[in-house]
Amino acid sequence: MSASRLPFAGLNMLAQPFLAEEGNADEDYVLRPPPRQLSVVQLMGLTFFVVSGSAYGIEDAVSSAGPFLAIASILCATLVWSVPMAAVASELSAALPHSGGYIVWVNTAFGAMPSLLNGMSNLVCNVLDGALYPLLLTDYVQGSVLPSLLPDGPGGSPHPWLLLSPVILANVLRLLVVTCAAAVNVLGPNMVGSLAAAAMLLVSVPFLLLTLCALGSPSLDLSVLITPNTQLWPKTHEAWYFFVMLVLWNTCGYDSAGMVAAEVADGRRTYPRAFKGSLLLSTLLYVLPLAACAAADHDWSEWREGHFSNLGIEFGGPLLGFAMTAGSVASMLAISCALMCTTSRALYAMAQLRMLPPGLSRLHPECVLRSRPTHSARLTSRMG
């Protein structure tokens, strides 16, 4: 197919992908699979952190709508929103095992202009989302973790670190977060996947302990979980919008795992298994702690982001509260690493398709495979 006959060719020439023209001797770049391709557990960990990263941040659902509607909405969203998304992402990742995920999928199915719009909108979303977690993490560490970990100075005065300008301290912490995430990604996708798998286990254990402790609380009343109380439901359109977006946001993201499809071993078997495991674990970590804690702690109006640490102290003492706090730090660090891994593949694919400057598609010599242009090596093989 010639360039002039491509869909939307007259609307945006910058969106035209590289064409595999006969006689073109230029070399193409595709990601070389790592020495040990991503396994089921590694991909499950990566998927877990681009989707949820555990239940941190879902507390507002209880204060916004009560425990019954919060849990029912999470289960409903999982069935009608997460499962179809995971199924589509799994199938497309296996059918188009290229780096770039949904960037490649939309370009293959709909052509240049929809691909450009999809890529740019997701780029804005990824930039804002990627910047969010270092901000949340450092604010949380600065406000809650450091004061409890750093010893007092002479005469009971605050530790010298806490006397620094809050802006300087916050910027130092954020630079450390970004540097650590970048360093892990430079070591390769296997390191990102292994770190994600380990962090997945680390953040799951405190929630399991919290659930058990809450179930053993003398104030436990499971009847509140099955009793719809419309007085607790959102009262305004804005409140409903916030609640629905909160639930949907915390149950999406499976398409991002398709970014690493070129680096996954046996995608037809690995993706379905990894997605099933991540979907099950994410849902359990949402529903079980929310149900147990809401049934034992009835002051639902106080539930806000970060409240799981308070619930840990309430039901399990300071040690469990510290474990919940440490888990939140590990979760946000792992989310930053996972998002940097997937976003970098999106930028690579967009540069390959000339949506971004071509220099962004340059790879380190150890990460590239030089080959003559072929339909199987190009992102735009559909046009051969």
Side-chain angles (χ1 to χ4, degrees), residues 38-59 61-62 70-71 74-75 77-78 82-83 86 133 136-137 140-141 145 181 184 191-217 247 249-254 256-257 270 273-297 303 305-339 341:
L38 294 174
S39 65
V40 173
V41 175
Q42 290 173 319
L43 182 60
M44 178 181 169
L46 186 66
T47 305
F48 176 77
F49 284 106
V50 297
V51 172
S52 65
S54 72
Y56 296 108
I58 199 67
E59 301 98 320
V62 174
I71 294 173
I74 291 173
L75 292 175
T78 298
S82 301
V83 171
Y133 293 100
L136 291 176
L137 174 59
Y140 193 67
V141 169
V145 180
V184 173
M191 181 59 68
V192 177
S194 298
L195 175 67
M200 180 174 60
L201 176 63
L202 179 64
V203 302
S204 299
V205 172
F207 279 102
L208 174 61
L209 296 176
L210 177 63
T211 301
L212 295 176
C213 291
L215 290 175
S217 172
V247 172
W249 178 256
N250 281 277
T251 52
C252 71
Y254 293 92
S256 294
T270 303
R273 294 178 179 180
F275 280 1
K276 288 177 183 177
S278 178
L279 180 68
L280 178 61
L281 181 60
S282 296
T283 305
L284 289 177
L285 287 183
Y286 283 146
V287 173
L288 294 182
L290 281 184
C293 292
D297 180 286
W303 283 48
E305 186 174 346
H307 193 61
F308 276 122
S309 296
N310 298 330
L311 293 172
I313 296 175
E314 178 182 350
F315 297 123
L319 186 59
L320 182 55
F322 178 80
M324 297 302 300
T325 301
S328 68
V329 173
S331 175
M332 282 184 273
L333 280 172
I335 290 174
S336 297
C337 290
L339 288 178
C341 179

Can you name the closest pair of heavy atoms from Ala199 and Ala334 and give their distance? CB-CB, 3.9 Å

All heavy atoms of Cys337 vs all of Val192, minimum pair found to be O-CG1, 4.1 Å

Distance from Ser331 atom OG to Leu285 atom CG, nearest 0.5 Å? 10.0 Å

Enter the distance from Ser217:OG to Leu212:CG here, rounded to the nearest 0.5 Å. 13.0 Å

The reported gap from CZ in Phe315 to OG1 in Thr211 (rounded to nearest 0.5 angstrom) is 10.5 Å

Note: Val41 and Ala197 closest approach over all heavy atoms is CG1-CB, 3.7 Å

Looking at side-chain heavy atoms only, is the closest gap between Ile58 and Phe308 below 4.5 Å? yes

For a side-chain contact (heavy atoms from CB on, under 4.5 Å) with Val62, tell me which candidate from Ile71, Asp297, Leu290 qualifies. Leu290

Name the residue from Leu333, Leu46, Val184 that meets the side-chain contact (heavy atoms from CB on, under 4.5 Å) definition with Leu195. Val184

Any side-chain heavy-atom pair from Tyr286 and Thr251 closer than 4.5 angstrom? yes

Taking everything shown except Leu319 itself, do over 12 heavy atoms lie less than 6.0 Å from its CG? no

Could you give the distance from OG1 (Thr283) to CD1 (Ile74), rounded to the nearest 0.5 Å? 9.0 Å

For the atom pair CD1 (Ile335) and OG (Ser54), what is the distance rounded to the nearest 0.5 Å? 7.0 Å

Can you find a pair of side-chain heavy atoms, one from Leu281 and one from Met44, that are under 4.5 Å apart? yes

Taking side chain as C-beta onward, heavy atoms only, is Phe49 less than 4.5 Å from Ser336? no

What pair of heavy atoms forms the shortest contact from Gly57 to Glu305, and how long is it? CA-CG, 4.1 Å

Judged by atom type as modelled, is there a donor-acceptor pair below 3.5 Å linking the side chain of Glu314 to the main-chain atoms of Gly312? no

Taking the ring centre of each residue, are Tyr56 and Phe207 less than 6.0 Å apart? yes

List the atom of Ala330, the atom of Val203, and the distance in Å for their closest heavy-atom pair. CB-CG1, 4.2 Å

Side chains of Ser282 and Ser52: is there a donor and an acceptor less than 3.5 Å apart? yes

Going by heavy atoms in the side chains, are Tyr254 and Ser278 under 4.5 Å from each other? yes

Looking at every non-hydrogen atom in both residues, tell me the closest pair between Leu279 and Ser82 and how far apart they are. CD1-CB, 3.7 Å

Can you tell me how far the OG1 atom of Thr47 sits from the NZ atom of Lys276, to the nearest 0.5 Å? 14.0 Å

Can you find a pair of side-chain heavy atoms, one from Leu311 and one from Leu210, that are under 4.5 Å apart? yes

